[in-house]
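One structure is given below, represented as structure tokens, and several questions about it will come after.
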There are 2 protein chains.
Amino acid sequence: MKLSAGVEWAVHCCVVLSQAARPVPAARLADLHGVSRSYLAKHLQALAKAEIVRPVEGRDGGYVLTRPAAEISVHDVVRAVDGPEPAFRCTEIRQQGELAAPPEQCRTPCGVARVMADAERAWRRSLAGTSIADLAAGFDTSRITELVGDVPGGAAAG
Amino acid sequence: MKLSAGVEWAVHCCVVLSQAARPVPAARLADLHGVSRSYLAKHLQALAKAEIVRPVEGRDGGYVLTRPAAEISVHDVVRAVDGPEPAFRCTEIRQQGELAAPPEQCRTPCGVARVMADAERAWRRSLAGTSIADLAAGFDTSRITELVGDVPGGAAAG
DNA sequence: TAATCTGCGACAAATATCATCTGAGTTGGA
DNA sequence: TCCAACTCAGATGATATTTGTCGCAGATTA
């Protein structure tokens, strides 16, 4: 099991955006973190499609959060970048080969798939328990505001 | 995030082995499930390396479980096939780019990595809560014993 | 009008997964 | 003792996915 590297970038970008007063261009976000400009742009588009960030077009444009950081969970970001598909996909091998089970026994999900789905739910629930604002509280936000501008109405971690 | 398809095969194979009285060859396990012979062999080797199954060499050989099915968790199998590496690997981008944090602030793990690790622990704990014996109780074991031989000392599920 | 930013698609490289084949070692029987 | 059949094990190649790049078109503001 492997998580896309873009997930880490996206989460950090959201933390930065939570401290920014004005739109931050994608290229600037990449430079702030020292990662590939063109590739980060792709992940930001994924965040935009999930309505976590909103693009501001034109001069002095960039990306802004669509809602307060406290209302964006880490799970939201992971799901947006990594995709909504479950990690485990049951191929129903119980219906193949010599010991294929009769269809009447396959009305309910395969036991293996059930266990995997339960575990994944636990994973997602854990991720959903932390917000971008929670994360921002653990970073040196003064350094961020110094570079991208202060927040208009107070700190994010309330 | 994606889980190797071999995980599903391995779990099903363990369920079959839990019902087998004698060693079951890798090729037979593949035929029973209708999957690739040579590829399943590779995953069985991973299970052997993790000491979940043991190869019996020579004529009439095959694979057997190393311990009772009740003492083999789904997590043991997943870890053996999928590898022990965590899904999320922190690349420490907080130390790169313009807003790189000073090393003195990086003694503790990055907040992002911490959240990811917590979620993964929840995932593993959930998988560890179900054993191969639990899974076998949900399958039609009579069909299995019919093909690979009965268990010597009673059923696997308590 | 000019400058700057995002959106989207095509394209190339790197990596992981999937699949197969051939060889080495062991067992059972003659 | 010898032979033959059967097994696992590791090396090797094909395929799919991810990762990363580039360029052009559309939009907005100074």
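Note on naming: letters A, B, ... go to the chains in the order of the sequence lines (proteins, then strands), and numbering restarts at 1 for each one. Hydrogens, waters and symmetry mates are skipped; everything else that's a heavy atom, side chains included, is used.
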Residue-phosphate contact under 4.0 Å: B:Q45 side-chain N/O, D:dG10 OP1/OP2: yes
Side chain to side chain contact (heavy atoms under 4.5 Å, CB included) partners for B:Q96, two or more places apart: B:I93
Test: B:D76 and B:R67 ion pair at under 4.0 Å: yes
Candidates C:dT20, D:dG20, D:dC8 - which lies nearest the side chain of A:S36: D:dG20
Under 3.5 Å, side-chain donor or acceptor atoms of residues 99-106 of chain B against the rest of the protein: list the pairs with distances, not counting sequence neighbours.
none

Which protein N or O atoms sit under 3.5 Å from an N or O of nucleotides 28-30 of chain D?
residue, atom, partner, partner atom, Å
D:dT28, O2, A:R59, N, 3.4

Separation of C:dG7 P from A:L40 CG (nearest whole Å): 12 Å
Sugar-phosphate, base or nothing in reach of B:A26, heavy atoms under 4.0 Å: sugar-phosphate
Listed once per pair and sorted, the ring pair (Phe, Tyr, Trp, His ring centres under 6.0 Å) pairs that draw on residues 44-97 of chain A, sequence neighbours left out: none
Non-neighbouring partners of B:S126 that pass side chain to side chain contact (heavy atoms under 4.5 Å, CB included), sequence neighbours left out: A:D118, A:A119, A:A122
Residue whose closest nucleotide on DNA chain C lies nearer the 5' end, A:G61 versus A:K49: A:G61
Partner set under side chain to side chain contact (heavy atoms under 4.5 Å, CB included) for B:T130, not counting sequence neighbours: A:V115, B:V74, B:D134, B:L135
Dump every N/O contact between nucleotides 13-19 of chain D and the protein below 3.5 Å, one line per pair.
residue, atom, partner, partner atom, Å
D:dT19, OP2, A:S4, OG, 3.1

ring-ring contact (aromatic ring centres under 6.0 Å, His included) partners of A:F139, counting only residues at least two apart: A:H12
Whole-Å distance separating the CZ atom of B:R22 from the P atom of C:dT27: 18 Å
For residues 32-61 of chain B, which side-chain donor-acceptor pairs fall under 3.5 Å, sequence neighbours excluded?
residue, atom, partner, partner atom, Å
B:H33, ND1, B:L29, O, 3.0
B:S36, OG, B:Y39, N, 3.2
B:R37, NE, B:D31, OD1, 3.2
B:R37, NH2, B:D31, OD2, 2.7

Length of the line joining A:L44:CG and D:dG20:P, which is rounded to integer Å: 14 Å
